[in-house]
**Q** 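Before I ask anything, here is the structure I am working with.
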Amino acid sequence: MLFLALIWAASAVAAIASQSKTATKNTTIDNGPFPTDLNGSNFTYPHPFQLFHFGSQGLPLEMAFIDLPPIVAPTTTTKPQRVRYTRKKPNPKPKIALLLHGKNFCSITWSTTAATLQKAGYRIIIPDQIGFCKSSKPGTLYQYSLHQLALNTYSLLSVLDLTDPSNNGITVVGHSLGGMLATRFSLLYPDLVSSLVLVNPIGLEPYLELGVPYPDLSVTLKTEQTSNYMSIKGYEQSNYYLGAWAPEYNVWAMMLAQIYAGTEAQNFVEGQARVVDMVLTQPVFYEFPRVRSKTLLMVGTKDTTAIGKQWSPPDVKEKLGRYELIGKETANRMPNCTLVEFEDLGHAPQIQAPDRFHAALLQWLRT
Ligand SMILES: *[C@@H]1O[C@H](CO)[C@@H](O)[C@H](O)[C@H]1NC(C)=O
Ligand SMILES: *[C@@H]1O[C@H](CO)[C@@H](O)[C@H](O)[C@H]1NC(C)=O
Ligand SMILES: *[C@@H]1O[C@H](CO)[C@@H](O)[C@H](O)[C@H]1NC(C)=O
Ligand SMILES: CC(=O)N[C@H]1CO[C@H](CO)[C@@H](O)[C@@H]1O
């Protein structure tokens, strides 16, 4: 029995090892050109993007991603160069920042942050997760987990040759659902993540433990199927933006509404329902004390986002989404966390007040 178990374990180890090797070998990066409507999203990305073709769960999938180089300020020296005695320094590897989008956003929502970090010397990688935006929509065929999305992201970095520990690690920035994913990514690949930045992440509280009734997938699916521009705008206006509305909020609501109405609508909502289930059933909440990466937690404290609040009874509802409390509680539970609070901002400080947000981010990254 023990002997069989050992053989089984050994072959499982070999299978996983060879799988991770072929996972990186059997992949391609596609530079396009791509149709305007790509996997159900017709939003025009102002940056060039690429498609990562890879296999996952037995399916051939495509993950869209943006890869931007650091912007090096031109050196304006007027002194004559003393070429003879200058030792040529090896070109230092650029710092890497990985930006992870939220459930109601896409890679492209990070464009202002990306531009800021490029100027600070970072190469920027921004994926659209599987099931989202311009990436494949495997619908009911895919088992969504934060671990799987983290693994997909790791595979992309690996193909781009960015997982070598000698690269000095990666700065991972995640917003909303992307913050939950960034936390999971850091737990799975602690040696790779040198800095972790969480921007109004969801999952700072254990929704089900606090009394959110667990919904059957068909219930979540129904909600997703009725999503449209008006419901998205109403939800974001009250939960994200303190009742205000502006063109810079509207652009992302329009982008999302088009996917809900687009050519991959059915597969999209099947995926989104599973993503809600993933958020409820796969908390990172209990593992914050285990996060080793140096962390910056950035919180607009007027945010009221909480998954399941809409269908919770009043006594549960009033406990949820209290970002003025849960930011501080989380920072205290993480071993190496700096908390920055924006007392007048909501769920998306990088969209609401980009200048203040980026000043705080750069200040922390420099220390
Ligand atoms: C995307 O689709 C929407 C809805 O069908 C349409 O109104 C919009 O013009 C399209 N945008 C582009 C860039 O094709
Ligand atoms: C590898 O790629 C080939 C060609 O695209 C495909 O037929 C095969 O199924 C892929 N294998 C895996 C393990 O993804
Ligand atoms: C936090 O992380 C930084 C950078 O890795 C390290 O220098 C510092 O010692 C850490 N602090 C604690 C309390 O672990
Ligand atoms: C599932 C699906 O339709 N995937 C498509 C995503 O877009 C790429 C590029 O056009 C296609 O090759 C995939 O078939």
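As the structure lists them, so they are numbered: ligands from 1, and atoms in each ligand from 1. None of the values given here were measured: they were computed from a predicted structure.
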**Q** Might you check, step by step, whether the distance between atom 14 (O) of ligand 1 and some protein heavy atom is under 4.0 Å?
**A**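 Yes; the ligand atom in question has protein heavy-atom contact below 4.0 Å.
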**Q** Among Y189, F65, F185, which one satisfies side-chain contact (heavy atoms from CB on, under 4.5 Å) with L157?
**A**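 So the option named by the test is F185.
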**Q** Students should be able to answer this: which protein heavy-atom is nearest to atom 4 (C) of ligand 1, and at what distance?
**A**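 The closest one turns out to be Q258 CG, 4.2 Å.
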**Q** Taking both backbone and side-chain atoms of N42, is any N or O found less than 3.5 Å from an N or O belonging to ligand 1?
**A**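 Yes, since at least one N or O of N42 sits under 3.5 Å from an N or O of ligand 1.
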**Q** Where does D37 meet ligand 1, judged by heavy-atom distances below 4.0 Å: at the side chain, the backbone, both, or neither?
**A** neither
**Q** Would you confirm whether Q118, through its side chain, and P69, through its main-chain N or O, come within 3.5 Å as a donor-acceptor pair?
**A**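 Here the side-chain-to-backbone pair exists.
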**Q** Indicate whether the side chain of T36 and that of N42 have a donor and an acceptor atom separated by less than 3.5 Å.
**A**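 No, no side-chain donor-acceptor contact under 3.5 Å.
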**Q** For Q310, is the CD atom crowded, meaning more than 12 foreign heavy atoms sit under 6.0 Å from it?
**A**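 More than 12 within 6.0 Å, yes.
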**Q** Protein heavy atom under 4.0 angstrom of atom 7 (O) of ligand 1, is there one?
**A** no
**Q** In ligand 1, which numbered atoms sit nearer than 4.0 Å to a non-hydrogen atom of T44?
**A**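 Heavy-atom distances to T44 below 4.0 Å select 13 (C).
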**Q** If we ignore hydrogens and angles and just use 3.5 Å, is the side chain of T330 paired with the main-chain N or O of I326 as donor and acceptor?
**A**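 Looks like yes, one N/O pair under 3.5 Å.
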